[in-house]
Peer 1: 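Have a look at this one.
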Amino acid sequence: MYSIETTTVHTYQRPSSGITVVAHFFGLLALTLLLVWLLHYRGGLDLDSDNADRVFNVHPFLMFFGFIFTAGEGMMAFKTVAAERRVRKFVHMGVNLIAICLGIVGIHAVFKFHDMKNIADMHSLHSWIGIATFCLFILQWLFGLVLYMFQAASAATRARALPWHVCGGRALLYMAICTAESGLMEEFTFLQLTDQHEARLINCVGLAILLFGVSVDLSLVLGRYA
């Protein structure tokens, strides 16, 4: 009589789902705190306003909600949603395209603010990291479009390139988080805040953004679907 040895296959659907919920929590928390800061303390946001500060406020809002949060959603959609691979690819590419479009508007807002205030463009480390991250993100999206949507390479080439694509996306997520954190600290210094409540609020926004990024990355690592 022979015994058949069975191997238990461990999957990570449940922990990934839990961490994805945590990522959404921190993302929505960061968005809520950001809106409280911009609307209550900074006078609101309006891209077409004659008030330069209200024009500027469009920048942090869209660069987080429009770019970082949306891109994180696109990344999680591919790895954690139970759907056909082709559907997940379409959603992944589509959501990231939305992030690029909203990011362009967000970058336009800060350049418009600089023009209104006669401030030099691209003068800080925040702006250098930010523009590099955004340009690399566009290249990453084009890379994925050509290689995996249009399948303009052999299956072997796509398989070899996939780890680079995944690691590149995760690296860009952290670069975007670093950009957001440095931007908040730059604004903190520029405003020379005396209101401790506003100062603490900015710190809480930065902490929530960081935890959102970490949670998104963990959900990708533990994601079941590939």
Side-chain angles (χ1 to χ4, degrees), residues 5-24 26-27 63-64 66-104 106-107 125 127-182 209-226:
E5 183 178 350
T6 59
T7 302
T8 303
V9 178
H10 298 280
T11 61
Y12 297 95
Q13 182 180 18
R14 185 170 297 174
S16 176
S17 299
I19 294 174
T20 302
V21 172
V22 172
H24 283 95
F26 284 122
M63 296 318 293
F64 173 68
F67 183 61
I68 296 176
F69 181 79
T70 305
E73 289 293 325
M75 296 168 78
M76 289 190 293
F78 185 77
K79 290 291 291 184
T80 63
V81 175
E84 293 183 3
R85 183 179 178 85
R86 185 170 182 82
V87 172
R88 288 185 283 117
K89 284 202 297 186
F90 273 111
V91 173
H92 176 68
M93 297 297 294
V95 173
N96 282 330
L97 179 60
I98 293 172
I100 290 172
C101 293
L102 294 177
I104 290 172
I107 292 173
L125 180 62
S127 61
W128 292 1
I129 298 175
I131 203 69
T133 301
F134 193 73
C135 291
L136 289 172
F137 188 88
I138 294 174
L139 290 176
Q140 169 88 341
W141 186 85
L142 292 172
F143 175 83
L145 179 69
V146 172
L147 215 59
Y148 299 107
M149 291 298 292
F150 295 156
Q151 297 189 350
S154 66
T157 299
R158 296 198 304 272
R160 286 196 300 269
L162 184 59
W164 292 98
H165 183 67
V166 173
C167 290
R170 293 173 62 192
L172 286 170
L173 173 66
Y174 280 107
M175 287 177 66
I177 297 299
C178 288
T179 303
E181 303 293 349
S182 62
I209 291 174
L210 175 62
L211 293 174
F212 170 73
V214 172
S215 302
V216 169
D217 190 44
L218 288 175
S219 73
L220 300 179
V221 172
L222 298 176
R224 175 182 179 183
Y225 304 101

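Everything numeric here is computed off the predicted structure, so don't read it as measured data. Side-chain atoms are counted along with the backbone in the values below, which use heavy atoms only and exclude waters and symmetry mates.
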Peer 1: Give the ring-plane orientation class for His165 versus Tyr148, where under 30° counts as parallel, over 60° as perpendicular and anything between as tilted.
Peer 2: tilted
Peer 1: Taking atom CG of Leu142 and atom CG of Leu147, what is their separation to the nearest 0.5 Å?
Peer 2: 12.0 Å
Peer 1: Less than 4.5 Å apart, side chain to side chain, heavy atoms only: is that true for Gln140 and Leu172?
Peer 2: yes
Peer 1: List the atom of Ser219, the atom of Thr20, and the distance in Å for their closest heavy-atom pair.
Peer 2: CB-OG1, 3.6 Å
Peer 1: Locate the shortest heavy-atom distance separating Val81 from Arg88; write the atom from each residue and the value.
Peer 2: O-CD, 3.0 Å
Peer 1: Ignoring hydrogens, what is the shortest heavy-atom contact between Ile209 and Ala180? Give both atom names and the distance.
Peer 2: CG2-CB, 4.2 Å
Peer 1: Ile19 and Leu218: which non-hydrogen atoms are nearest, and at how many Å?
Peer 2: CG2-CB, 3.8 Å
Peer 1: Show which side-chain atoms of residues 66-76 pair as donor or acceptor with protein atoms under 3.5 Å away, not counting sequence neighbours.
Peer 2:
from  : atom 1 : to    : atom 2 : distance (Å)
Thr70 : OG1    : Phe65 : O      : 2.7
Thr70 : OG1    : Gly66 : O      : 3.2
Glu73 : OE1    : His24 : NE2    : 3.0
Glu73 : OE2    : His24 : NE2    : 2.9

Peer 1: Can you name the one residue among Val216, Leu210, Val214, Leu211 that meets side-chain contact (heavy atoms from CB on, under 4.5 Å) with Phe26?
Peer 2: Leu211
Peer 1: Could you report the tightest heavy-atom contact between Asn96 and Trp141, atom names first, then the distance?
Peer 2: CB-CD1, 3.7 Å
Peer 1: Of all the heavy-atom pairs spanning Ala161 and Phe143, show the shortest one and how long it is.
Peer 2: CB-CZ, 3.7 Å
Peer 1: Taking the side chain as everything from C-beta on, heavy atoms only, tell me whether Ile107 gets closer than 4.5 Å to Ile131.
Peer 2: yes
Peer 1: Evaluate the side-chain proximity of Ile104 to Phe134: yes if any heavy-atom separation is below 4.5 Å, no if none is.
Peer 2: yes
Peer 1: Counting only N and O atoms by type, is there a donor-acceptor contact under 3.5 Å from the side chain of Arg158 to the main-chain atoms of Ala153?
Peer 2: yes
Peer 1: For the atom pair CD1 (Ile177) and OG1 (Thr133), what is the distance rounded to the nearest 0.5 Å?
Peer 2: 10.5 Å
Peer 1: Are Thr179 and Met63 packed together at the side-chain level, in the sense that at least one heavy-atom pair is separated by less than 4.5 angstrom?
Peer 2: no
